[in-house]
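The structure presented is a predicted model; accordingly, all values stated were derived computationally and were not measured. Whatever order the structure lists ligands and atoms in, that order sets their numbers, starting from 1. Residue numbers run from 1 in the order of the sequence given.
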Amino acid sequence: MKIYDFEGFPNPARVRIALAEKGLMDQVEFVTVDVPSGEHQKEAFLKKNPSGAVPVLELEDGTTIAECTAITEYLDHVSGETSLTGNTPKERAVIHMMQRRAESGLLDAVATYFHHATPGLGPDIEGYQCAEWGNHQRERAIAGMRYFDSKLADQPYVAGDSFSMADITAFAGLAFADFAKIDVPDDCSNLKSWRQRIAERPSIAG
Ligand SMILES: N[C@@H](CCC(=O)N[C@@H](CS)C(=O)NCC(=O)O)C(=O)O
């Protein structure tokens, strides 16, 4: 299988963590899509993902799968026992719910701030910007951090007792927040210690 991505960017990082967690790194060929130069907006890549975003997984039969959650579902199921997306109906539902909260309320909120209220990827890439909307999303991201801090007061991982896709999304959200210069509030000690613990996982620490 191939992964089209740009190393170091937050959404590609989610899939790279999932691959490492599943021990699948050596089964993947990475193809760089030069996002800072706008390659993701060119026709050749839009045929693989009309959203013009990385990462994209391409299977041997040519099937292309975009969206980190869909790619992670595939990786979690293709290699035997699932470990990132849950086993029971309840686990699966809670993981998806918390993943979506991390995506919408943290990672995507930071991304919207970055693309709208900062120079983002530069004038050639950022076709439309609305600073007011971007700054509102910055506040949403900070509220998201506080939400996860409160959840992590009572449980070790974002979706409960086990590491999951929801932790990966929240971790990538905080990495993007660092890049976009949105600080985790000082009093979010649960979130900070969770982050330290997650950063020590071999899939991330290397
Ligand atoms: N919801 C998508 C988000 C993908 C995404 O936004 N990727 C960023 C890189 S971190 C991108 O390709 N951005 C290009 C752009 O915004 O022009 C996913 O889960 O894969």
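By the 4.0 Å heavy-atom criterion, H115 is counted among the residues contacting ligand 1.
Shown here, atom 13 (N) of ligand 1 is out of close reach of the protein: none of its heavy atoms lies under 4.0 Å off.
From the protein, the heavy atom lying nearest to atom 5 (C) of ligand 1 is N11 ND2, 3.3 Å. If you check which protein heavy atom lies closest to atom 1 (N) of ligand 1, you get E67 OE1, 2.7 Å.
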#### Entry: From CA spacing to verdict: side chain to side chain contact (heavy atoms under 4.5 Å, CB included), L59, Y74
CA-CA 10 Å; L59 304 182; Y74 179 84; 3.5 Å; yes
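Checked by distance only, ligand 1 and V54 come closer than 3.5 Å through their nitrogen or oxygen atoms.
The heavy atom nearest to atom 20 (O) of ligand 1, out of those in C68, A66, S51, A13, is found in C68.
Less than 4.0 angstrom separates some heavy atom of P12 from each of these atoms of ligand 1: 10 (S). Near R14, the atoms of ligand 1 lying under 4.0 angstrom from a non-hydrogen atom of the residue are 19 (O). When each atom of ligand 1 is checked for a heavy atom of H40 under 4.0 Å away, the hits are 14 (C), 15 (C), 17 (O).
Side-chain atoms of E73 and H96 form a donor-acceptor pair, as typed in the model, at a separation below 3.5 Å. Inspection of the R14 and N11 side chains reveals an N or O donor paired with an N or O acceptor under 3.5 Å. When only modelled atom types and interatomic distance are considered, E21 and S203 share a side-chain donor-acceptor pair under 3.5 Å.
Salt-bridge formation is detected for the pair D186/K192: a Lys NZ or Arg NE/NH1/NH2 atom is positioned less than 4.0 Å from an Asp or Glu carboxylate oxygen.
In this structure, R16 is positioned above the aromatic face of F30, its NZ or CZ under 6.0 Å from the six-membered ring centre and within 45° of the axis. Y113 does not carry R140 over the face of its six-membered ring by the limits of under 6.0 Å from the centre and within 45° of the normal.
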